[in-house]
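See structure below.
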Amino acid sequence: MDRRQFCKIASMAMGALGVAHLDALGATRKETIADPIMGRNCRVTVIRRECYHDLQALFLDDPDEGPCRAFASGDDFKFEVGMRCPVGFCPRLWRILCERAEECGSVCNDPLKTDTSILSCPDGTRPVIVRIDLS
């Protein structure tokens, strides 16, 4: 059995176990995973989209997947305090943005200070690198 087939079967088995576990507890996915809320105003600019074809060939079901299709280099977004993840925005990147905004909110006492950082989404085969300006 090749690695790709094994990973597909293993992930389906783990998914079935996870769903059975949640059903046994009477919980749904929405009840267990809260949608993070933006803690500070911020501007997000997509700097670069990377694509590692060698890793995609080894680990993805579709080795010709290519770079992330959710964003393009140069995309610019503005988010305000209290916002939830917008429709169409990558939820994994949103979670990281909210964590960064919350982390800086507890450290930065000066509301006029702008905090800039560079972050990457957690997709190891096609990461999107963004600049975040918190205000």
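Everything numeric in this text was worked out from a predicted model, so none of it was measured. Throughout, numbering of the chain's residues begins at 1 and tracks the sequence. FYI, side chains are in, hydrogens and waters are out, and symmetry mates aren't considered; it's all heavy atoms of this structure.
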Taking the side chain as every heavy atom from C-beta outward, state whether [X] and [Y] have any atom pair closer than 4.5 Å.
{"X": "T125", "Y": "E65", "result": "no"}
{"X": "L93", "Y": "F71", "result": "yes"}
{"X": "D62", "Y": "L60", "result": "no"}
{"X": "I129", "Y": "I118", "result": "yes"}
{"X": "Y52", "Y": "F59", "result": "no"}
{"X": "L97", "Y": "F89", "result": "yes"}
{"X": "Q56", "Y": "C51", "result": "yes"}

Minimum-distance pair of heavy atoms, taken over all atoms of [X] and [Y]:
{"X": "F79", "Y": "P86", "answer": "CE2-CG, 3.5 Å"}
{"X": "G66", "Y": "H53", "answer": "CA-CE1, 4.5 Å"}
{"X": "I47", "Y": "R131", "answer": "CD1-CB, 3.6 Å"}
{"X": "V44", "Y": "C42", "answer": "CG2-SG, 4.0 Å"}
{"X": "C121", "Y": "P127", "answer": "SG-CA, 3.7 Å"}
{"X": "V81", "Y": "N41", "answer": "N-OD1, 2.9 Å"}

- request: Report the residue from L119, I96, T116 that forms a side-chain contact (heavy atoms from CB on, under 4.5 Å) with I132.
  value: L119
query: With T45, which residues qualify under side chain to side chain donor-acceptor pair (under 3.5 Å), at least two apart?
result: D76
- line: R92 meets the side chain to side chain donor-acceptor pair (under 3.5 Å) criterion, sequence neighbours left out, with none
message: Using only atom types and a distance under 3.5 Å, with no angle test, would you say the side chain of R49 pairs donor to acceptor with the backbone of C68?
response: yes
